2 protein chains.
Amino acid sequence: MLKTKDGIPKLTITRLAIYYNALKKMLEDGEDVCLSIDVGKRTGINPSLIRKDLSYFGGFGTKGVGYKVEFLMEWIGEILGYNTVWNTVVVGMGIPLLSINCYQNLLPPSFRIVAVVDTNEQNHGVFLPELGLTIEPVQNLESEVRNKQARIGVVAVLPEKAQSVTNQLVIAGVTGIANFTQVQVVVPDNIALTQINTGSLLSQLSYDLVRPMPALRSIV
Amino acid sequence: MLKTKDGIPKLTITRLAIYYNALKKMLEDGEDVCLSIDVGKRTGINPSLIRKDLSYFGGFGTKGVGYKVEFLMEWIGEILGYNTVWNTVVVGMGIPLLSINCYQNLLPPSFRIVAVVDTNEQNHGVFLPELGLTIEPVQNLESEVRNKQARIGVVAVLPEKAQSVTNQLVIAGVTGIANFTQVQVVVPDNIALTQINTGSLLSQLSYDLVRPMPALRSIV
DNA sequence: TAGATTGTTAATCGATTAACAATC
DNA sequence: TAGATTGTTAATCGATTAACAATC
């Protein structure tokens, strides 16, 4: 399995985000202190693994007592970069992905969408009320990245345009790419890249349904 | 890592979907025959792993020669259940998720959306031209599942409603659930479940960006 | 036949789990 | 102090990779 440059498993990072959401829920439920076993119940993740994941970053709990919910949540947020805001330019799929923005937590709190650009002319000029942004032509990509000082580019165009849009984003100066298309894109070594392949994940469901005996649950 | 009920790793299934997309591309590019190393180049996956994944389901290639692209693609499609159409009811997030439908391959070819239901009153009655469907109140959930004989339910509501919507879908008779919320939902053992946690995957990007040295690429 | 690549087995590597010492 | 749970180490488990025999 892949690791981050600092030797911490990628899966640890994705789970940290899951713990964060669980802790937020706990806080809303008025829980001040929690045990690893409590987080395990909410997330379906083995308490031992939870403690292991946390231990990569330090000791956040108290032996014999547990974790202070708010304290742990804030630390995980710090680790995940949630306390820094990253200006984000979205390319393509104007309306869809982005109304997503109204639904809390589909994007991490650190993503602030500052421009939406689309290759499809029909969408140009469309106003997105939730974002307070108007969809612009793809020609504006570079100027938008520069003017708005965007650090993240979301690639959500048709697969055949994924690589060229990625290149444009990198040239314009983003340092991270989230690729929602189903093709692999290549970026320089100093650019962070996350591939999100929804179709591939949903195929698990299709696979399970076509088997005589539907399979057990899967957690991603 | 989790496995399907038949002992095949979940990750093998998600990769199969990735191979399928690569093969489709190859076919469009006019390639008749390919090697595991070719698929590897397109997907970034080790050829050895590709052959291993395929071997769970049989021998689809010819030693010394390679694979017939179309033949292999059709077989993978068969394995993944792409040749069966599953009627799908989407709950919540009306407009967003679903315009997604116009973007090929964000949903596997076996998902046919037959109804869209939303808990948000403001969206009721909105017509979705790409789907030819009108967003309905959540009260219609059960009747829609039954009337349209839906087998898949997509849960894309606010987290606090995720479990109750899931329950309603199961009671109404779906056999598979795709959960796009960031909370864990529970289903009976005979119901297939896939959790899609976009926020958790994107947090990898946030994590990488906040480190002094941005990390290497990640593939999901 | 010689060259090549699959399918499969064995070796490696890494991630998860269990167990427990440390300690609140 | 006794009871409890963390943080960490050791054991297990599973997934990936490398190597190669089979064979087109």
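These numbers come from the heavy atoms of this one structure, side chains and all, not from hydrogens, waters or symmetry mates. Nothing here was measured: the structure is a model prediction, and the numbers come from that model.
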* Structure fact -> Among the nucleotides dT17(C), dC20(D), dT17(D), whichever has the atom closest to the side chain of Asn46(A) is dT17(C)

* To do: Look at atom CH2 of Trp86(B) and say whether more than 12 heavy atoms of other residues, nucleotides or ligands are closer to it than 6.0 Å.
  => yes

* Round to a whole Å and report the spacing from CD1 of Ile13(A) to C1' of dG14(C). => 16 Å

* Are OP1 or OP2 of dT16(D) and a side-chain N or O of Arg15(B) less than 4.0 angstrom apart? -> yes

* Please list residues of residues 28-42 of chain B whose heavy atoms come under 4.0 Å from any atom in DNA chain D, ordered by number; otherwise none. => none

* Asked: What integer distance in Å separates Arg51(B):CZ from dT16(D):P?
  -> 15 Å

* Decide if atom CZ of Arg42(B) counts as having more than 12 heavy atoms of other residues, nucleotides or ligands within a radius under 6.0 Å. => yes

* Structure fact -> In terms of heavy-atom contacts, Thr181(A) and Ala162(A) come closest through OG1-CB, 3.5 Å

* Residues Ser200(A) and Tyr20(B): side-chain donor-acceptor under 3.5 angstrom -> no

* Whether over 12 other heavy atoms sit under 6.0 Å from Glu70(A) CD -> no

* **Residue pair Asp118(B) / Gly92(B): nearest heavy atoms and the distance that separates them** => OD1-CA, 3.4 Å

* Nearest 0.5 Å please: distance from the CG atom of Leu209(B) over to the CD1 atom of Ile152(A). => 5.0 Å

* Going through the distances and angles, do Met26(B) and Val39(B) end up as a side-chain contact (heavy atoms from CB on, under 4.5 Å)? -> CA-CA 9 Å; Met26(B) 284 173 169; Val39(B) 180; 4.1 Å; yes

* To do: Answer yes or no: does atom NZ of Lys68(A) have more than 12 heavy-atom neighbours from other residues, nucleotides or ligands under 6.0 Å?
  => no

* Which whole-number value in Å describes the distance from Ile50(B) CD1 to dT5(C) C1'? -> 13 Å

* Integer-rounded Å distance: dC20(D) P and Lys52(B) NZ -> 17 Å

* Among dT6(C), dA18(D), dT16(C), which is the nearest nucleotide to the side chain of Tyr67(B)? -> dT6(C)

* Using whole Å, report how far CG of Asp53(B) lies from P of dT6(C). => 14 Å

* Asked: Rounded to whole angstrom units, what separation is found between the CG atom of Leu72(B) and the P atom of dT6(C)?
  -> 11 Å

* To the nearest Å, give me how far apart CD1 (Ile45(B)) and P (dA15(D)) are. => 15 Å

* Structure fact -> Dot-bracket assigned to DNA chain D with the 3.5 Å Watson-Crick/G-U criterion, [ ] for crossing and | for other-strand pairs, is ..||||||||||||||||||||||

* Asked: Between residues 57-65 of chain B and DNA chain D, which residues have a heavy-atom gap below 4.0 Å?
  -> Thr62(B), Lys63(B), Gly64(B)

* Nearest heavy-atom pair of Arg51(A) and Tyr67(A): which atoms, and what distance? -> CG-OH, 3.7 Å

* Asked: How close or far is atom C1' of dT6(D) from atom NZ of Lys68(A), stated in whole angstroms?
  -> 16 Å

* Structure fact -> Against the side chain of Ser55(B), the closest entry in dG7(C), dT6(D), dA18(D) is dG7(C)

* **Within 45° cone and under 6.0 Å: Arg211(A) NZ/CZ vs Tyr207(A) ring** => yes

* Asked: In terms of heavy-atom contacts, does CD of Glu31(A) have more than 12 from other residues, nucleotides or ligands at under 6.0 Å?
  -> yes

